[in-house]
Every structure is written in C-alpha cells, then in structure tokens.
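Note that the numbering runs from 1 along the sequence shown for the chain. Each ligand, and each atom within it, is numbered from 1 in the order the structure gives. For the numbers below, each heavy atom of this structure counts, side chains included, while hydrogens, waters and symmetry mates do not. Keep in mind it's a predicted model, so treat the numbers as computed, not measured.
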Amino acid sequence: MAKPIDMSFDTKVIHAGEPDSKIEGAVSIPIFQSSTFEYAGQTDYNELKYIRLNNTPNHIALHKKLAALEGAEKALVTSSGMSAITTALLTFLKSGDHLLAHNTLYGGTADYVKHDLPKYGIEVDFFNAGNPGDWASKVQPNTKVIYVETITNPLIDVLALDEVVTLAKAHGLISMIDNTFASPVLFSPIQFGFDISLHSATKYLNGHTDIVAGAIIGNEPHMAKITSTLNHLGGSLDPHACYLMHRGMKTLSIRMERQCKNAMAIAKFLDGHPKVTSVNFPGLESNPSHEHAKAFLCGFGAMVSFEVEGGVAEADMVMGRLQYPICTASLGGVESLVTRPVQTSHSLLNDEELSKAGISKSLIRYSVGIESGDDLITDLKQALEG
Ligand SMILES: *Cc1c(COP(=O)(O)O)cnc(C)c1O
C-alpha cells in the first residue's frame, strides 16, 4: 500500500525519506562506508557517487527527511553547522557584494562575517534586530543577502521574522535564517517565505551530543547552486555521522516536546525567584519577544538565559552548585547544559561588541534537557539558595 501523502510532522520524523524499498529488509538504514561507488553511466559530475559529493544512500535519506520536515524541495547535510553557514554565504556572495545581518549572531558566524568575508571583498553591515525601521535604511544597491537567526543566542529573542521576509522580497535579496535554536519542530523557514534555512545539526536535530553536523534546506534553483559550492568546498558529512544523525532525528519531536515543557517550567520558576534579576525566555508573557514567538513559532523553545544578583562571581557560584546541567558550550542535547556565553560561544566578541549586543558578562545560558523538570527545578533552587 502506498504511504499516505499528508503525513503529520511527528510521522515524517520517522517515515519521511526512508529508502522506498528496505535495503536487504533492514528497518534501520545501514551505514554505507564506501568512499566511491561503481560508475553507473552518470553524465553530471555532481551525480557521481562519492562521499564528498554528499550522495551516498545515508546522505540521500537524510536530505529527503530534512526537506520533508521543513516543507522544502531540497536539503543537504554538511560536516558542521559552520560549514552549512559558510557554504551558503559563499554561494550567494562575491567580491563587491554587501551582506546585511542582524547584530546578535552566533559567535562563530559573527566572527566569520566580520573578519573573513571582508578578505574576499564582501562588505557587511549589522542591523538592530529590535528596530525594523532601521533595517531598510541599511540596504544598499549591492546588498545581496540578509541573514538572521530564528531565536537569538544568548538573549533568546525572536525578531520580526515577517518583516525580514518582506524586506528581502522588496529588494530582491536572498534571505537566510539560522534555524538551529527553533529546530524544524518550531519553525519552517521555507514555508514562511525565507530562501535558505540553516542548521547546526550538532544541536537539536541530532540531539545526543555525539556528532558535529549541519544542514542547508531550500528550494531549487538555490539548492543546485549550494550543492555545487558544497561539493567544491568539501564540507561533507561522513556516512557514519549521517547514520547517527538519522538515528537521533527519529526522536526529535518527542525530545523537543519535553524540552520545551521543561524550559517553560524553569523560566517560570526563575522569574519568580528573588535572587534572579532577569530571565530571557519568549514563553513568558512579560518577555519582549512573546508576541513574535506566539505569532511565528509552534512553541517557545528550550533555551533560557538569566542573571542573578551578585554579578559574575555569584553566577559562577550558582553554576558550580548545579548538580545536573553540565557546564559547557553547545546546546540542544538530551542532557541539560549551562554556560556563561562570554566564556564560550561569545568569547570572540570584544567588550564593545558585547555591550552593543546587550550581553552581560554574568549572563547564564541554560540549555534544557529531557530530564525530569521537577528535578531540574529542585536543583536550580538549591544552587540559587546554596
Ligand atoms: C552551534 C551553532 C552553530 C555552529 O554549529 P557547529 O555545528 O558547531 O559548526 C551555528 N549557529 C548556531 C545558532 C549554533 O548554535
């Protein structure tokens, strides 16, 4: 019997993209650890079966699953999130072009666009995410790409995503969005009107803190151009890592459901605690991003950041007393993680850049895992009151 066409998201996570006929009957797709495959009469270089060309059965299954999840025509997996981001940017920008990006990007992306792109003669300007009126004035005749993130790091803001799409369409810009923090569960960029969706699959997509991977999702003909750039730059994902990512993605829906629920409970707890001076979580009605999150996303995500009385010294004490979350960078895994972003993800930003972005040195970022929400809150309580 043919598979029903209208699969819901939760069903796509399991069934979309799986090989049409099971390979030797295998329910879980086997790992094709072969760098090259027998020549089968291909006429296009990109069709030759070779790991760097991202077209082994492990790649193809993942590409189809990812495209189905975000309602797009095509997807590619890459060797890391940064590989997805740099490959996408280098596909659409050349010497003499101008990139417009919002001002609180992931640290690695911010550093790349500020310090590496200018070496290729590409100009970059940043806009204040909170002030859409300011964006249009920064578009120049040579602006080619506008770049944003669905949920910003580490302040967990959701900007006016509709205005980004409108601006891009009005000026003929390629719109790119880093959808890592939302994951396909909360937001489908291509359906919303963005051209290119990017992921660090290291985070929620894989979800198990055991590989580094990335993804680029979009429609033809953009994806054909990106495929060619990726095949030249060589940021391909090894089939074994493809397999782990594929396995991890099957639980994406249920992981996100639990993580979002835990994050909401934790944000409410922190919001009501006398030692906590501020909480950043768009699920709180008082949060400035609440309306945007409600309008654009299917949930509020599982990242929370907050500050405690007593500055950096006290923030470090609280983090040191936490029993469950492991203190490190990265996010989106089944286990809770905490970090002070200025020490890790944002350590490349100088003092002026930090203050411009509104990131305090004492800010604690909490990536909420799938543990018992009650246990995580009990732990936070003892750490704050210790
Ligand atoms: C981690 C991260 C990246 C970089 O991804 P890697 O897989 O580490 O290369 C990019 N964007 C966001 C939002 C991230 O959290």
Side-chain angles (χ1 to χ4, degrees), residues 62 66 70 75-90 101-114 116-117 129 147-159 161 176-187 189 194 196-217 230 233-238 241-242 244-245 248-249 252 256 259 263 280 282 289 297 301-305 328-333 336-349 357 359 363 365-369:
L62 269 180
L66 283 164
E70 289 196 354
L76 284 167
V77 286
T78 61
S79 56
S80 67
M82 284 309 296
S83 166
I85 292 163
T86 55
T87 299
L89 288 170
L90 289 175
H102 90 232
N103 62 354
T104 58
L105 296 178
Y106 170 75
T109 311
D111 199 55
Y112 175 75
V113 302
K114 243 177 263 168
D116 290 12
L117 287 185
Y147 186 102
V148 297
E149 293 175 359
T150 318
I151 301 176
T152 70
N153 177 23
L155 296 175
I156 330 294
D157 278 323
V158 180
L159 63 157
L161 299 173
M176 295 187 191
I177 185 162
D178 181 333
N179 201 30
T180 301
F181 273 42
S183 93
V185 176
L186 302 188
F187 190 60
F194 280 92
I196 309 294
S197 164
L198 301 161
H199 287 273
S200 168
T202 312
K203 319 293 167 56
Y204 292 105
L205 281 173
N206 178 59
H208 290 74
T209 326
D210 50 9
I211 58 164
V212 165
I216 309 174
I217 305 170
L230 180 64
L233 294 179
S236 65
L237 192 64
D238 182 80
C242 287
L244 286 171
M245 180 176 162
M249 274 175 62
L252 175 66
M256 273 311 263
Q259 283 170 289
N280 305 303
S289 291
L297 311 182
M303 297 297 295
V304 180
S305 64
T328 183
S330 202
L331 59 113
S336 293
L337 303 177
V338 282
T339 188
R340 263 200 309 117
V342 296
Q343 281 188 325
T344 54
S345 57
H346 290 67
S347 57
L348 294 168
L349 302 192
I359 301 168
L363 187 76
R365 190 189 74 183
Y366 196 124
S367 166
V368 181

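Within ligand 1, counting atoms from 1 as listed, the ones closer than 4.0 Å to a heavy atom of I85 are 10 (C). In the vicinity of S80, heavy-atom distances shorter than 4.0 Å reach the ligand 1 atoms 7 (O), 9 (O). Per-residue contacts place G81 under 4.0 angstrom from the following atoms of ligand 1 (heavy atoms of the residue considered): 5 (O), 6 (P), 7 (O), 9 (O). Below 4.0 Å from some heavy atom of S200 lie the following atoms of ligand 1, by number and element: 1 (C), 2 (C), 3 (C), 4 (C), 5 (O), 6 (P), 7 (O). Listed by number with element, the atoms of ligand 1 under 4.0 Å from a non-hydrogen atom of T180 are 12 (C), 13 (C), 15 (O).
The shortest N or O to N or O distance between T109 and ligand 1 is not below 3.5 Å. Between F181 and ligand 1, a contact under 3.5 Å exists for no N or O pair. Polar contact check, S83 against ligand 1: no nitrogen or oxygen pair lies under 3.5 Å apart. In terms of N/O distances under 3.5 Å, ligand 1 is not approached by N153. Checked by distance only, ligand 1 and E149 stay at 3.5 Å or farther apart across all their nitrogen or oxygen atoms.
Only the backbone of A213 comes within 4.0 Å of ligand 1, judged by heavy-atom distances.
When only non-hydrogen protein atoms are considered, atom 12 (C) of ligand 1 lies nearest to D178 OD2, 3.4 Å. Taking atom 7 (O) of ligand 1 as the reference point, the nearest protein heavy-atom neighbour is T202 OG1, 2.6 Å. Of the protein's non-hydrogen atoms, the one nearest atom 15 (O) of ligand 1 is K203 NZ, 2.8 Å. The nearest heavy-atom contact from the protein to atom 9 (O) of ligand 1 is M82 N, 2.8 Å.
No side-chain heavy atom of I177 sits less than 4.5 Å from a side-chain heavy atom of L198. For the pair T152/Y106, no side-chain contact is recorded, criterion being any heavy-atom separation below 4.5 Å from C-beta on.
A side-chain donor-acceptor contact under 3.5 Å links D178 to the backbone of T180. Although no hydrogens or angles enter the test, the distance criterion places no donor-acceptor pair under 3.5 Å between the side chain of T87 and the main chain of A84. Put simply, the side chain of E70 never gets that close to the backbone of S197: no donor and acceptor are under 3.5 Å apart. For Q259 (side chain) and A302 (main-chain N/O), no donor-acceptor pair under 3.5 Å exists by modelled atom type. Between the side chain of T78 and the main chain of S236, no donor-acceptor pair closer than 3.5 Å is present. Side-chain atoms of S305 come within 3.5 Å of backbone N or O of P154 as a donor-acceptor pair. Judged by distance alone, the side chain of N179 and the main-chain N or O of T150 form no donor-acceptor pair under 3.5 Å. Put simply, the side chain of H346 gets close to the backbone of N153: a donor and an acceptor are under 3.5 Å apart.
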